[in-house]
There are 2 protein chains.
Amino acid sequence: MRDYAKMLKEHSLKATFQRMTILSALDTMGHANIEEIYETVLKTHPTISLATVYKNILTMVQEGVVVEVPISGEKSKYELKREEHLHLICKKCGSVSDMPMRESIKEETEKIARSSSFKPFRRQINIYGICKNCRDI
Amino acid sequence: MRDYAKMLKEHSLKATFQRMTILSALDTMGHANIEEIYETVLKTHPTISLATVYKNILTMVQEGVVVEVPISGEKSKYELKREEHLHLICKKCGSVSDMPMRESIKEETEKIARSSSFKPFRRQINIYGICKNCRDI
DNA sequence: ATAATTGCAAATTTTTTGCAGGTTC
DNA sequence: GAACCTGCAAAAAATTTGCAATTAT
């Protein structure tokens, strides 16, 4: 559990309970799309509106507090901003899990970008497949 | 220009002119979202309906003739299926360009997957930044 | 105090669907 | 000629907007 109020204030966003609830939901869920976030926050704060979830996800993504994870064939999920990592995405159960980024991958992608005079900001690596759980079934 | 009819038939899809036109549009554009595809096919075949574009993109993605490229902060784009590669995505002009996949990246991602007993099918790597053109302006 | 944020309801945009007629193999 | 595909119009789903009331700083 992180200090959500601090995260928000560092980006000059007001620490409303709606935002704190959304961040807390993302923190426990790891990755979730708008609908999933909305359903989760409703459980503890039934007055939060869907429009507020939309507006805040947009704002918090713009401010870099939250990161969008676009996924083939699904609606985008969102996660709290943290160190760079990659995603293992199970095509069976839909789970998303984080794995640390390797230095060598960073270096290779830097090289590739450099070879096109492309100035990279950030990477996004998704690996699609079947997770351990679904495989064992 | 590839043999679109063949591509379709290999996946037991009928080679309608609507599908051929969509594939041809993707071939020339490289990457495009639904709206862009629709606008482009309209130029040569003004009778094609938007619903047909939606239905066909869905079908052709399911059959693996076309691949979805989900992009942070934008609507998904689509491209013709081809060898594995990665994407340089310019946050200024929105251009997407393909770069060859490096062996070492494949290997590293295999290792990462293996370490979680995850069985990988395919990777998707997006590098976001500023392209040469936009940088020079 | 004030500037930002919220919830609501409505508007807009995006995507999906059902079906009668047409096309491909 | 059978199964598949199309266009249309309508329905459903997803997202955005405007605004008066509320809240954080």
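Order of the sequence lines sets the chain letters (A, B, ...), proteins ahead of strands, with each chain counted from 1.
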May I ask you to check whether over 12 heavy atoms, not counting those of B:Lys119, lie within 6.0 Å of atom NZ?
no
If you group Ile, Leu, Val, Met, Phe, Trp and Tyr by side-chain heavy-atom gaps below 4.5 Å, do B:Val66 and B:Met29 land in one group?
yes
Please state how far atom CG in A:Asn56 lies from atom C1' in C:dA4, giving the value in whole angstrom units.
11 Å
Would you please say whether a donor-acceptor pair under 3.5 Å links the side chains of B:Ser72 and A:Arg122?
yes
Gap between atoms CD and C1', on B:Glu74 and D:dA14 respectively (whole Å):
18 Å
Measure from CE on A:Met60 to C1' on C:dA4 and round the result to the nearest Å.
15 Å
Over how many whole Å does the gap from A:Gln62 atom CD to C:dT5 atom P extend?
11 Å
Using a cut-off of strictly less than 4.0 Å, decide whether B:Thr52 has a side-chain nitrogen or oxygen near OP1 or OP2 of D:dG7.
yes
For the pair made of NE2 in B:His11 and C1' in C:dC25, what is the distance, rounded to whole Å?
18 Å
Assign B:Thr47 to base, sugar-phosphate, or nothing according to its heavy-atom contacts below 4.0 angstrom with the strands shown.
sugar-phosphate
Output the rounded distance in Å from CZ (B:Arg19) to P (C:dT23).
15 Å
Return yes if some donor-acceptor pair links the side-chain N/O of B:Ser116 with the main-chain N/O of B:Ala113 below 3.5 Å, else return no.
no
What is the distance, rounded to the nearest whole Å, between atom CD1 of B:Ile48 and atom C1' of D:dC5?
12 Å
Please list all pairs passing the side-chain hydrogen bond (donor to acceptor under 3.5 Å, both in side chains) test where one or both residues lie in residues 6-16 of chain A, with sequence neighbours left out.
none
Sugar-phosphate atoms are those with a prime plus P, OP1 and OP2; base atoms are the rest. Using that split, label each nucleotide of nucleotides 15-25 of chain D B, S or - for protein heavy atoms under 4.0 Å, 5' to 3'.
BBBB-----BS
Cluster check B:Phe118, A:Ile105: I/L/V/M/F/W/Y, side chain < 4.5 angstrom
yes
Nucleotide C:dA4, atom P - distance to CD of A:Gln18 in whole Å
17 Å
